[in-house]
Enquirer: 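Pasting in a structure now, in structure tokens, and then I'll have a few things to ask.
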Number of protein chains: 2
Amino acid sequence: MGLTKTEIFTEEQNHLATMLKALAHPARIAILQQIMSANACICGDLSIELGLAQATISQHLKELKTAGLIQGTIEGVSVCYCINPAVWNQLKNQLGIFLNSTSLSNNCC
Amino acid sequence: MGLTKTEIFTEEQNHLATMLKALAHPARIAILQQIMSANACICGDLSIELGLAQATISQHLKELKTAGLIQGTIEGVSVCYCINPAVWNQLKNQLGIFLNSTSLSNNCC
DNA sequence: TAATTACATTGCAATATTACGATGAATGGG
DNA sequence: CCCATTCATCGTAATATTGCAATGTAATTA
């Protein structure tokens, strides 16, 4: 099938999964790290820096943008990308709750 | 191609991506939430609770186990799954560093 | 206006994921 | 030993992802 049964799960579960999926690729992690380390927009040299074709980088950027994690503004000929703070913080919170919802002291298995 | 160029990225980036990929499905999030809310091992009733076929749940559990996020021990006829605290904490740390490596005060885009 | 630069989009090919029925393997009860 | 229970694995179908060359689009420059 290859089709996730989203209707079975809660809005929250689906949303978190979507965000994590956007992060779950080394290229996208590298892109985000670049953007964050520049603390401002890194424009189009990501292709050279990461060693992936321009079309590939553009596609990854689109996925991150669709997830809402980054935003891009046109700056002359090039485009400037940076983190979307609202979505980023929201993810941080939701993920924090999820990852901390266990007391890691279970002597079960 | 459909084949990630892992050789281009750092060990850390690949590892984080692998962990996030394991989490990036609503069913696996739901499974982990169940396991955590029980604070101990939930065995095989996940299939009924989540409304997915037994084979599907088993496959998701395998992915979580392969990622190291959970561990399972045989308990008679059934199998008991619970969080692997070491890997879980390691992920929490690595993810925390990643998500906090930006000062969200950029007035860029 | 023509050429250049910077991205986006399209169209592929290769591979991965998701879901499930059917079947296999191991354990426990009778 | 036989059978039910529990879980894993296999096979398969539908769909998604990854990567890139080629091409399209919009703005800047000459």
Side-chain angles (χ1 to χ4, degrees), chain A residues 1-9 13-14 17-32 34-35 41-67 70-82 109, chain B residues 1-9 13-14 17-32 34-35 41-67 70-82 109:
Chain A
M1 297 197 164
L3 181 59
T4 300
K5 281 184 150 186
T6 45
E7 71 276 7
I8 284 184
F9 308 103
Q13 288 166 338
N14 284 319
T18 302
M19 291 291 137
L20 290 171
K21 201 151 129 192
L23 295 180
H25 193 286
R28 292 195 286 274
I29 290 175
I31 287 171
L32 289 167
Q34 281 283 336
I35 291 178
C41 3
I42 285 247
C43 313
D45 10 53
L46 285 162
S47 174
I48 302 136
E49 300 218 26
L50 298 187
L52 284 170
Q54 182 264 323
T56 307
I57 297 287
S58 187
Q59 200 173 290
H60 283 305
L61 285 168
K62 190 186 178 183
E63 280 183 70
L64 290 170
K65 204 164 43 174
T66 302
I70 61 172
Q71 55 201 162
T73 46
I74 299 166
E75 199 142 291
V77 194
S78 50
V79 177
C80 164
Y81 284 103
C82 62
C109 308
Chain B
M1 296 198 164
L3 181 59
T4 299
K5 282 184 149 186
T6 44
E7 70 276 7
I8 284 183
F9 307 103
Q13 288 166 338
N14 284 319
T18 302
M19 290 293 138
L20 289 171
K21 201 150 126 191
L23 296 179
H25 193 285
R28 292 195 287 274
I29 290 175
I31 287 171
L32 289 168
Q34 281 282 337
I35 291 178
C41 4
I42 285 250
C43 313
D45 10 52
L46 285 162
S47 175
I48 302 136
E49 300 218 24
L50 297 187
L52 284 170
Q54 183 264 324
T56 308
I57 298 288
S58 187
Q59 201 173 289
H60 282 305
L61 285 168
K62 191 187 179 185
E63 280 182 70
L64 290 170
K65 205 165 40 173
T66 302
I70 61 172
Q71 55 200 163
T73 45
I74 299 165
E75 199 141 291
V77 193
S78 50
V79 177
C80 166
Y81 284 103
C82 62
C109 309

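Here is how names work: the chains are called A, B, and so on, in the same order as the sequence lines, proteins then strands, and each is numbered from 1.
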Enquirer: Side chains of B:L61 and B:L46, heavy atoms from C-beta outward: is any pair under 4.5 Å?
Expert: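 When only atoms from C-beta onward are counted, B:L46 and B:L61 do touch, with a gap below 4.5 Å.
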Enquirer: Using heavy atoms and a sub-4.0 Å distance, could you list which residues of residues 23-31 of chain A are near DNA chain C? By number, please.
Expert: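 Those residues: none at all.
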Enquirer: Please report the distance, rounded to the nearest Å, between CD in B:E63 and P in C:dA16.
Expert: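 Spelled out: CD on B:E63 to P on C:dA16 is 13 Å.
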Enquirer: Nearest whole angstrom, please: distance from the P of C:dA19 to the NZ of B:K62.
Expert: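 Roughly 16 Å, once rounded to whole Å.
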Enquirer: So does B:I74 have more than 12 non-hydrogen atoms from other groups sitting under 6.0 Å from CD1?
Expert: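 12 or below, so no.
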Enquirer: Does A:A22 offer a backbone N or O that forms a donor-acceptor pair with the side chain of A:R28 under 3.5 Å?
Expert: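 Present.
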Enquirer: Give the rounded distance in Å between these two atoms: CG of B:L46 and C1' of D:dA8.
Expert: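 Those two atoms, CG and C1', are 15 Å apart.
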Enquirer: Of all the heavy-atom pairs spanning A:A30 and A:L50, show the shortest one and how long it is.
Expert: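 Closest approach of A:A30 to A:L50, heavy atoms only: CB-CD2, 3.9 Å.
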Enquirer: Less than 4.5 Å apart, any side-chain heavy atom of B:I29 and any of A:L20?
Expert: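 Side chain of B:I29 against side chain of A:L20, heavy atoms only: contact under 4.5 Å found.
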Enquirer: B:K21 has a side chain; which of C:dT17, C:dT15, D:dC20 sits nearest to it?
Expert: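 Taking heavy atoms from C-beta onward, the closest nucleotide is C:dT17.
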Enquirer: Can you list, by residue number, the residues of residues 50-61 of chain A that have a non-hydrogen atom closer than 4.0 angstrom to DNA chain D?
Expert: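 Close to the strand are A:L52, A:A53, A:A55, A:T56, A:Q59, A:H60.
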Enquirer: Closest approach to the side chain of B:L3, judged atom by atom: which nucleotide of D:dT5, C:dT5, C:dT15 is it?
Expert: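 The listed nucleotide nearest to B:L3's side chain is C:dT15.
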Enquirer: Considering heavy-atom distances to DNA chain D, does B:T6 or B:K65 have its closest nucleotide positioned more toward the 5' end?
Expert: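 First, find each residue's nearest nucleotide; the 5'-ward one identifies B:K65.
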Enquirer: Look at the side chain of B:V79 and decide which nucleotide, out of D:dC7, D:dT9, C:dT9, has an atom nearest to it.
Expert: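 Per side-chain heavy atoms of B:V79, the pick is D:dC7.
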Enquirer: If you only use heavy atoms from C-beta on, which nucleotide in D:dT5, C:dT5, D:dC7 is closest to the side chain of B:V77?
Expert: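 Among D:dT5, C:dT5, D:dC7, the one nearest the side chain of B:V77 is D:dT5.
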Enquirer: For B:E75 and C:dG28, give me the distance from atom CD to atom P, rounded to whole Å.
Expert: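 Rounding to the nearest Å, CD of B:E75 and P of C:dG28 are 11 Å apart.
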Enquirer: Should the pair A:F9 and B:H25 be assigned to parallel (<30°), tilted (30 to 60°) or perpendicular (>60°) ring geometry?
Expert: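 Rings of A:F9 and B:H25: perpendicular, over 60°.
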Enquirer: If you check the A:T4 side chain, which of C:dT18, D:dC7, C:dC20 turns out closest?
Expert: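 Closest nucleotide to the A:T4 side chain: C:dT18.
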Enquirer: Distance check needed: D:dT25 C1' versus A:I74 CD1, whole Å only.
Expert: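 Between C1' of D:dT25 and CD1 of A:I74: 11 Å.
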